[in-house]
Amino acid sequence: MKPQIAELLSAAVSQLKTDGVIPADHEARIQVDNTRDKSHGDLATNLALTLAKPAGKNPRQLAQALVDALPESALVEKVDIAGPGFINFFLSQASTNSLLQNILEQKEDYGRNHSGEGKKVQVEFVSANPTGPLHIGHGRGAAVGDCICRLLEANGWDVTREFYYNDAGAQINNLALSVQARCKGLTPEHESWPEDGYRGDYIKDLADSFMNGDTVQSEDQSFTGTGDADDLDAIRHFAVAYLRREQDLDLKAFEVNFDVYFLESSLYTDGKVDAAVKTLIDNGYTYEEGGALWLRTTDFGDDKDRVMRKTDGGYTYFVPDVAYHLDKWQRGFTRVVNEQGADHHSTITRVRAGLQGLEADIPTGWPDYVLHQMVTVMRGGEEVKISKRAGSYVTLRDLIDEVGRDATRYFLAARKADSQLTFDIDLARAQSSDNPVYYIQYAHARVCSIFRKLAEAEQSWTVEQGMAALDQLALDSEKDLIVTLGRFPDVVKKAGAANEPHQIANYLKELASDFHTYYNSEKTLVEDEALRNARLTLAEAVRQVIYNGLLLLGVSAPEEM
RNA sequence: GCGCCCGUAGCUCAACUGGAUAGAGCAUCGGCCUUCUAAGCCGAGGGUUGCAGGUUCAAGCCCUGCCGGGCGUGCCA
């Protein structure tokens with residue numbers, strides 16, 4: 001309903017410009033907010049406050065002038081001027097009726113918009129290296145990243161989900177050496193175990209599988225173990241394929257899917273790394289020193305220059321990353337969101353510097369980054385630090401197995417990414433109102449239950465009957481609930497613009513709470529047929545919006561609990 | 001030392017890109033089942049938004065300086 005009110009205000013502003021009250025060249029930013037206090041109506045604007053200075057008038061006078069210039073609208077019951085000059089709108093029954101009608105007509109589309117205009121956006125997330133099972137930090141990245149994708153889709157963007165993984169380099173070599181050591185019967189306690197080797201139990205499983213000659217198949221590759229413990233290259237390939245398969249299975253269990261798996265190694269084989277390096281050299285942003293090639297990142301705001309090519313001839317990690325991002329740009333993604341752990345934030349400056357050095361007309365602040373902070377896992381009031389399988393960290397699989405996909409997704413996506421997160425396993429498992437996931441899902445199930453009861457009583461309800469009866473909804477609690485339903489499209493828009501899925505989670509909690517309150521105070525299946533039909537319409541609208549919201553989080557909406 | 005992020009009720013977190021009296025849940029205390037699922041609802045107490053300045057008609061939010069925590073500060077990724 002905000003857009004309609006904003007339109008009325010816009011018309012009023014134009015009128016006042018014509019009248020010479022407001023300077024004609026002033027660009028007014030019209031902001032319509034939900035009110036916190038019901039005595040302030042349903043929606044409010046600070047327009048008179050922001051226009052006071054350019055108009056050279058006191059805000060209350062200006063507010064009165066704006067109100068006088070507002071076009072008539074059936075949506076508005078009453079307009080007040082309050083406080084320092086806020087304009088408060090009280091919505092009419094006609095507006096709440098039409099809102100319910102919209103929800104029931106648009107169904108799954110209610111809340112979606114076309115602001116992205118079908119433009120291409122790429123979201124890169126998880127991007128775990130294939131050196132072990134996914135840990136809880138990857139889980140947070142997966143939940144947040146996937147929800148961002150769903151939000152962007154809801155806002156009309158054409159989204160590509162991409163997973164980038166490092167299948168070359170020092171860590172992979174380290175992995176291969178660890179597996180090889182296991183193939184030769186060594187354990188991590190042994191004195192000749194590789195320094196900085198991976199020690200988890202999964203290394204042993206992997207070695208056994210390689211020695212058995214198993215064939216592993218992942219999303220994008222397959223490889224058969226040769227059983228030759230001296231063939232480090234074969235071990236490397238096998239280990240990568242094996243762990244990729246394992247990560248794929250975890251992601252599938254988490255209901256996170258990718259459109260593109262991008263291999264770092266392909267940047268080398270396609271010559272894209274060399275090409276990027278050559279361009280940087282040709283553009284004069286590099287120099288040799290101490291046997292290494294340096295990129296002058298200080299030209300682009302870094303606090304010191306960075307090594308590109310090491311003395312051993314290999315490139316540092318951010319060089320292929322620059323080539324990768326140039327590739328993204330060339331694929332036509334004018335908007336790219338990179339969801340990563342905050343421990344990698346130092347790459348941002350380097351990648352952006354490298355991209356600027358390529359002089360490819362890439363905007364300075366491109367791409368966007370969403371960084372998530374660390375996750376701490378608690379059980380029984382104690383911090384959980386390790387899993388048996390991975391050894392040194394809690395895996396995503398552990399969580400899914402213990403608390404389920406819905407709760408895991410919800411808890412990992414329900415917090416602002418840039419604050420540290422405490423994952424309380426006991427709470428996530430709780431089947432009570434303490435647990436926000438159950439609380440929200442239960443609201444959905446309750447509506448379904450009402451309709452089951454209706455069928456049992458051999459009564460019926462249709463949208464048409466409901467629409468005809470909407471004037472029966474006269475209670476404050478009913479209007480409150482409808483106003484909350486009306487906020488949903490705006491929440492989707494704002495959450496999408498800010499890459500903040502947690503806003504959806506918060507909204508759903510609020511909506512569920514409003515509904516539970518209403519459910520408890522007013523019976524839906526009353527004798528009076530018109531009132532019953534009206535309340536069923538409201539209940540169905542609530543169900544639809546909860547369903548739509550849960551879908552954005554990738555959490556299921558059960559019909560019974 | 002320097003850079004980035006965070007600091008809100010005892011705990012976990014909100015506060016809609018600067019708005020009106022900072023809100024929920026948990027925990028504590030007190031109520032509500034003959035009634036569509038009590039897996040729920042209602043009520044009470046609980047705050048100098050880390051500290052000190054500044055900008056603004058208006059600051060939890062923006063600026064400066066401190067304090068505390070996290071991450072980074074690799075020719076690791």
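Reckoned from all heavy atoms, side chains included, excluding hydrogens, waters and symmetry mates. Every value quoted in this text rests on a predicted model; they were computed, and no experiment measured them. The chains referred to below are lettered A, B, ... by the order of the sequence lines, with proteins before strands, and numbering in each begins at 1.
Nucleotides C16(B) and C62(B) are separated by 11 Å at their P atoms, to the nearest Å. Taking atom P in both C6(B) and A15(B), the straight-line distance is 12 Å, to the nearest Å. A gap of 14 Å separates the C1' atoms of A58(B) and U21(B), to the nearest Å. Rounded to whole Å, the C1' atom of G69(B) lies 16 Å from the corresponding atom of C51(B). For G50(B) and C33(B), the C1' atoms lie 46 Å apart once the distance is rounded to whole Å. Here the separation of C29(B) from G68(B), taken at their P atoms, is 37 Å to the nearest Å.
Rounded to whole Å, atom C1' of C16(B) lies 12 Å from atom CG of L43(A). Between the OH atom of Y369(A) and the P atom of G3(B) there is a distance of 21 Å, given to the nearest Å. Taking atom CZ on R60(A) and atom C1' on A20(B), their separation rounds to 12 Å, with Å as the unit. Across the protein-nucleic acid pair, Y317(A) atom OH and G72(B) atom P stand 11 Å apart, rounded to whole Å. Between L421(A) atom CG and C5(B) atom C1' the separation is 15 Å, expressed in whole Å. Atom CD of Q340(A) is separated from atom C1' of G72(B) by 13 Å (rounded to the nearest Å). In this entry the distance linking CG of N88(A) with P of G19(B) reads 15 Å, nearest Å. Rounded to whole Å, the distance from CG on D424(A) to P on C13(B) is 10 Å.
The side chain of M561(A) lies closest to A39(B) when the candidates are A39(B), C75(B), U56(B). Among the nucleotides G19(B), C75(B), A77(B), the one closest to any side-chain atom of P84(A) is G19(B). Among the nucleotides A77(B), C57(B), U12(B), the one closest to any side-chain atom of L49(A) is C57(B). You'll find that the side chain of M374(A) is closest to G70(B), out of C16(B), G70(B), A77(B). In this structure, the nucleotide among C75(B), U12(B), A77(B) sitting nearest to the side chain of R415(A) is U12(B).
In this structure, a donor-acceptor pair under 3.5 Å is absent between the side chains of Y268(A) and D274(A). For the residue pair N166(A) and Q171(A), no side-chain donor N or O sits within less than 3.5 Å of a side-chain acceptor on the partner. Remark: the R446(A) side chain and the H516(A) side chain contain an N/O donor-acceptor pair separated by less than 3.5 Å.
Counting any heavy atom pair closer than 4.0 Å across all strands shown, T422(A) reaches sugar-phosphate atoms only and no base atom. When heavy atoms are screened at a 4.0 angstrom cut-off, Q459(A) is found touching no nucleic acid atom at all. Looking at heavy-atom distances under 4.0 Å, G341(A) makes no contact with the nucleic acid at all. Note on R487(A): nothing from the nucleic acid sits closer than 4.0 angstrom, heavy atoms only. Using a 4.0 Å heavy-atom criterion, one finds that A82(A) contacts the bases of the nucleic acid, with or without backbone contacts as well. Residue K523(A) is in base contact, counting any heavy-atom pair closer than 4.0 Å across all strands shown. Looking at heavy-atom distances under 4.0 Å, A498(A) makes no contact with the nucleic acid at all. Residue-level contact check: A414(A) touches neither bases nor backbone, having no heavy atom under 4.0 Å from any strand.
Between the side chain of S449(A) and the base of C36(B) there is no donor-acceptor pair of N/O atoms closer than 3.5 Å. Residue N34(A) places no side-chain atom within donor-acceptor reach of the base of A15(B), judged by atom type and a 3.5 Å distance cut-off alone. Taking 3.5 Å as the limit, the base of G3(B) and the side chain of H345(A) contain a donor-acceptor pair of atoms between them.
The distance between the ring centers of Y369(A) and H345(A) does not fall below 6.0 angstrom.
When the side-chain nitrogen and oxygen atoms of K310(A) are compared with OP1 and OP2 of C76(B), one or more of them lie within a distance under 4.0 Å. For A77(B), the OP1/OP2 oxygens have no side-chain nitrogen or oxygen of Y324(A) closer than 4.0 Å. Under 4.0 angstrom from either OP1 or OP2 of A38(B) there lies at least one side-chain N or O belonging to R446(A).
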Using a cutoff of under 3.5 Å, can you pull out all pairs of nitrogen or oxygen atoms linking the protein to nucleotides 6-8 of chain B, with atom names and distances?
residue : atom : partner : partner atom : Å
C6(B)   : OP1  : D418(A) : OD2          : 3.4

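D424(A) pairs by the side-chain hydrogen bond (donor to acceptor under 3.5 Å, both in side chains) definition with nothing, not counting sequence neighbours. Taking the side-chain contact (heavy atoms from CB on, under 4.5 Å) definition, one finds that T316(A) meets it with V307(A), K310(A), F318(A), V319(A), sequence neighbours left out. Among residues two or more places apart in sequence or in another chain, the side-chain hydrogen bond (donor to acceptor under 3.5 Å, both in side chains) test is passed with R487(A) by E510(A).
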Bracket string, RNA chain B, 5' to 3' - pairs by Watson-Crick or G-U geometry under 3.5 Å, | interstrand: (((((((..((((.....[...)))).(((((.......))))).....(((((..]....))))))))))))....
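Although no hydrogens or angles enter the test, the distance criterion places no donor-acceptor pair under 3.5 Å between the side chain of N46(A) and the main chain of F86(A). The main-chain N or O of A428(A) is found under 3.5 Å from a side-chain atom of N435(A) such that the two form a donor-acceptor pair. The main-chain N or O of A170(A) is never found under 3.5 Å from a side-chain atom of N174(A) such that the two would form a donor-acceptor pair.
Proximity of residues 500-517 of chain A to RNA chain B (heavy atom under 4.0 angstrom from any strand atom) is restricted to H502(A), N506(A), H516(A), T517(A).
Applying the 5.5 angstrom centroid cut-off and the 30 degree plane-angle cut-off, the aromatic ring of F86(A) is stacked upon the base of A20(B).
Using bins of under 30°, 30° to 60° and over 60° for the plane-to-plane angle, the ring pair H138(A)/H135(A) lands in the parallel bin.
For C33(B), the base adopts the syn conformation, since its glycosidic angle falls within 90 degrees of zero.
Interatomic distance, L550(A) CG to I504(A) CD1, rounded to the nearest 0.5 Å: 10.5 Å.
Closest approach of A390(A) and T395(A) over heavy atoms only: CB-CG2, 3.7 Å. Heavy-atom minimum distance, A342(A) versus Q373(A): CB-NE2, 3.5 Å.
Comparing R29(A) and S346(A), the nucleotide of RNA chain B nearest to each residue sits closer to the 5' end for R29(A). The residue among D312(A) and F423(A) whose nearest nucleotide of RNA chain B is located toward the 5' end is F423(A).
Checked against I30(A) for a side chain to side chain contact (heavy atoms under 4.5 Å, CB included), the options T50(A), L9(A), L51(A) give a single hit: L9(A).
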